[in-house]
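Note on naming: letters A, B, ... go to the chains in the order of the sequence lines (proteins, then strands), and numbering restarts at 1 for each one.
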There are 2 protein chains.
Amino acid sequence: MSRVSSRITLQDVAREAGVSLATADRVLNGRAGVREATADRVRDVVARLGYRPNAAAARLARGETYRFCFVLPSGPNVFMRQLAEQVTNTAEWLSAHNAYIDLVRVDVFAPETLASTLEGLIGRYDGVAVVALDHPRVRSAIDDLTAAGMVVVTLVSDVPSSHRRHYVGVDNIAAGRTAGTLIGRFAGGRTGSVGLIVGTPALRDHAERQFGFTQVLSGEYPALRVLPARESLDEDARTQAIAEQMLREVPDLVALYNVGAGNSGIAGALTSAGQAGEVVFIGHDLTDDTRRFLLRGVMDAVIHQDAGHQSRSAARVLLAHCSGEPLFDEQERIRIDIFVRDNLP
Amino acid sequence: MSRVSSRITLQDVAREAGVSLATADRVLNGRAGVREATADRVRDVVARLGYRPNAAAARLARGETYRFCFVLPSGPNVFMRQLAEQVTNTAEWLSAHNAYIDLVRVDVFAPETLASTLEGLIGRYDGVAVVALDHPRVRSAIDDLTAAGMVVVTLVSDVPSSHRRHYVGVDNIAAGRTAGTLIGRFAGGRTGSVGLIVGTPALRDHAERQFGFTQVLSGEYPALRVLPARESLDEDARTQAIAEQMLREVPDLVALYNVGAGNSGIAGALTSAGQAGEVVFIGHDLTDDTRRFLLRGVMDAVIHQDAGHQSRSAARVLLAHCSGEPLFDEQERIRIDIFVRDNLP
DNA sequence: TTTTTCTTGATGTTCGAACCTCAGATCGGA
DNA sequence: TCCGATCTGAGGTTCGAACATCAAGAAAAA
């Protein structure tokens, strides 16, 4: 049996170090007016006793409230709607920690709008989480925010070259590779063509998934030929039209990978062509629709990134950076979930 | 833009309801001596204003410390070692919430020992998380604990018929089904036999996985014949011997599913038989070993349940039940993770 | 030696809620 | 109408840390 922790207050530390509470306090909060030797003594005792400030008391005493802003894309995208909903839940949870979230939705396909929205946030928040577009204007807006002393994290879609403090989201190249491996395996040694549908290659996450997917298929499944990517703009109707055309014109079609939204369109096309369950179909993001497609055998796997995790993680990261509390990195890693019919949550 | 929360104190509620702080306090903490009509008025205002007690202040004021005990199996099982490590991390996190964890390890294959260990905990803790054996003695020990007013949650392996307050873990039938579907798909239309290795059918989770697996394979992949299950007792050497024997004696072996531990043994057998990558191999629990096997192509998929999630979830559940704080169910659902080479964390 | 500057201790207030006591107020029943 | 029982208000204390102020003592500079 191992007692893993204890409860030690600043009082204990002060007594043990032979200084007053005030001095111990000055050391711990980096206030001036303590001889270096004394400060060291205090720090020693802190380490030896394993003193950990009572977070509840500290927050209560500070009485600070943090203001965060989450900037998400507007539009009908189901995943983004889920994310917005989860942000609302997160806000409720955060309110117990003296932090408030405002939620802003802007047009994701307009870098100028996004950039100017971001710039309008300067000084009004302590931290910003943004589903970013990798565009020079957006990058410079992010840098402006950090220059103004705000903590910025990118959410779902990264801008690696910016000064964002953290990226909360998955490795989309790995997500694409995962799709590639699953399609390669599910195709079961068949030879033929694989249809590839993206929302728009202008979105960094779509481009990365496409890259990872093609990499795996062309490298390891030579029997499968990846057709040139078609753009759906994430619209159901357009996606359906593309899928229908493929089913008509590609006789040896063995699989479909949909990088973006619009899975309902593909399911519709497969079903009406009588090919549901025949053509391997993998897409992204678990929704009511894709869950149903999995259960019906229309989709074979869904690659997912949990909106709730990402929202909470972004909030924790913002909070930790603003209040100086520690972060458990391992807990903040967002995973690439694979769902098949049998492990649906 | 939507401001999702606010900060309202009990003071505000009392003022708005036209009562004193003391009365509002009595209502919220269920203390006697308030007329029902007045209490209703207060509750109305609480709802209307969306008052949420400041958790930090509440905990500070209560000053309670909760003592939890985590009872895990002893022995060399890697997953259980991971779990123990994560419990230690969780303990550190919990110490910021005035809660302490003791960690006890007992022999999992001895229901008597487990049961008497549990009974020895009575009165010494506020809550217990236990990796339970589904055995009448253990069940009655759990019921004794709850009868003594302690909160008990089962971890990883459930005892559904007991009075445990909560089960933190995955649906192991679903996990077995997931393995079945993946093997069925990965086998790619081949015809042949599938080897099935369990630790011991006495463990509920093993039995459930076996059940789910067999259900899917026999129901949906008639070309695959599931061999009678062999028992490995979770030992590498034994597992290896079984795998070697299967590889020798079953000429049409197309896949192996290992329900318990001992994946290294199977990997060894496959490699030395020159069958690595030929025979589909799926097992449980991501470890350094299984990760390596995935990357080398010896294993095709690993079904995983995150030890860190489970440990933290158990702690949150215990804390919530003891302190009466709310739980977000959705966050406490443990997922069945599927890992292939490309989505390793 | 005398100032000035630097350290330190002592002491207090604040945060929001939990919990306690005591004195009135109100109410029902006899 | 009066009595006890039941409400309610007012006030205080506590938790642990953050932060402020003031004065005493020590060390360094003049």
Side-chain angles (χ1 to χ4, degrees), chain A residues 5-43 45-46 49-66 94-100 322-326, chain B residues 5-43 45-46 49-66 95-99 322-326:
Chain A
S5 50
S6 60
R7 187 88 314 229
I8 287 147
T9 73
L10 236 204
Q11 291 275 8
D12 303 322
V13 172
R15 188 174 346 100
E16 185 73 14
V19 299
S20 74
L21 220 181
T23 300
D25 175 70
R26 285 190 261 255
V27 174
L28 262 93
N29 290 288
R31 274 186 273 280
V34 179
R35 207 179 324 163
E36 199 46 38
T38 314
D40 276 345
R41 207 165 72 237
V42 172
R43 279 188 284 262
V45 174
V46 165
L49 264 48
Y51 166 74
R52 303 182 60 72
N54 179 324
R59 247 191 307 253
L60 182 57
R62 272 202 210 89
E64 290 173 348
T65 63
Y66 300 105
L94 261 192
S95 72
H97 292 70
N98 295 340
Y100 308 107
C322 286
S323 69
E325 281 169 40
Chain B
S5 50
S6 59
R7 188 87 312 227
I8 287 147
T9 73
L10 236 205
Q11 291 274 9
D12 302 323
V13 172
R15 190 176 340 103
E16 186 73 13
V19 300
S20 74
L21 219 180
T23 300
D25 175 70
R26 287 191 257 256
V27 174
L28 263 92
N29 290 289
R31 273 186 275 280
V34 180
R35 207 179 325 164
E36 200 45 39
T38 315
D40 276 345
R41 207 164 72 237
V42 173
R43 280 189 282 262
V45 175
V46 165
L49 263 47
Y51 165 75
R52 302 184 59 74
N54 180 325
R59 245 186 313 247
L60 182 56
R62 270 200 212 90
E64 288 173 351
T65 62
Y66 300 106
S95 72
H97 292 70
N98 294 339
C322 287
S323 69
E325 282 170 38

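Using a distance-only test at 3.5 Å, with no hydrogens or angles considered, a donor-acceptor pair links the side chain of N29(B) to the main chain of D25(B). Proximity of a side-chain donor or acceptor of D40(A) to a complementary backbone N or O of A37(A) within less than 3.5 Å is not detected.
Nearest-nucleotide positions on DNA chain C place V19(A) closer to the 5' end than the other of V19(A) and A57(B). Residues Q11(A) and A24(B) each lie close to DNA chain D; by heavy-atom proximity, the contact nearer the 5' end of the strand is made by A24(B).
Spacing between atom OH of Y51(B) and atom C1' of dA18(C) amounts to 10 Å, rounded to whole angstrom units. The nearest whole Å value for the distance from the CZ atom in R52(B) to the P atom in dG16(C) is 17 Å. In this entry the distance linking CG of D25(B) with C1' of dA10(D) reads 13 Å, nearest Å. If you measure from atom CG of L60(B) to atom C1' of dT14(D), you get 8 Å, rounded to the nearest angstrom. Rounded to a whole Å, the CZ atom of R31(A) is 8 Å from the P atom of dA18(D). Spacing between atom CG of N29(B) and atom P of dG16(C) amounts to 17 Å, rounded to whole angstrom units. Whole-Å rounding puts the L49(A) CG to dG16(D) P distance at 15 Å. Note: CG (L28(B)) to C1' (dG16(C)) measures 13 Å, nearest angstrom.
Checking dG16(C), dG9(D), dT8(C) against every side-chain atom of R26(A), the shortest atom distance belongs to dT8(C). When distances are taken from the side chain of A61(B) to each of dA17(C), dA17(D), dT7(C), the shortest belongs to dA17(C). Comparing dA17(C), dA17(D), dG9(D) against the side chain of L10(A) picks out dA17(D) as the nearest. Of the candidate nucleotides dT8(C), dG16(D), dA10(D), dT8(C) has the atom nearest to the side chain of T38(A). Across dT8(D), dG9(C), dT8(C), the shortest atom-to-atom separation from the side chain of T23(B) is found for dT8(D).
Using a 4.0 Å cut-off between charged nitrogen and carboxylate oxygen, R43(A) and E36(A) count as a salt-bridge pair.
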Interface polar pairs with nucleotides 3-5 of chain C, N/O, under 3.5 angstrom:
none

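For the pair R15(A)/D12(A), a side-chain contact is recorded, criterion being any heavy-atom separation below 4.5 Å from C-beta on. The shortest side-chain heavy-atom distance between L10(B) and L21(B) falls under the 4.5 Å cut-off. Annotation: side chain of V45(A) is not in contact with side chain of Y51(A) (no heavy-atom distance under 4.5 Å). Inter-residue side-chain proximity for V27(B) and R41(B) is flagged as unmet; no heavy-atom pair is nearer than 4.5 Å. Contact annotation: the side chain of V34(B) never approaches that of V19(B) to less than 4.5 Å [non-hydrogen atoms, C-beta and beyond].
Residue G30(A) is out of contact with every strand shown, counting any heavy-atom pair closer than 4.0 Å. At a threshold of 4.0 angstrom between heavy atoms, the contacts of A58(B) are confined to the sugar-phosphate backbone, with no base atom among them.
Residue R35(B) places no side-chain N or O under 4.0 Å from the OP1 or OP2 atom of dT6(D).
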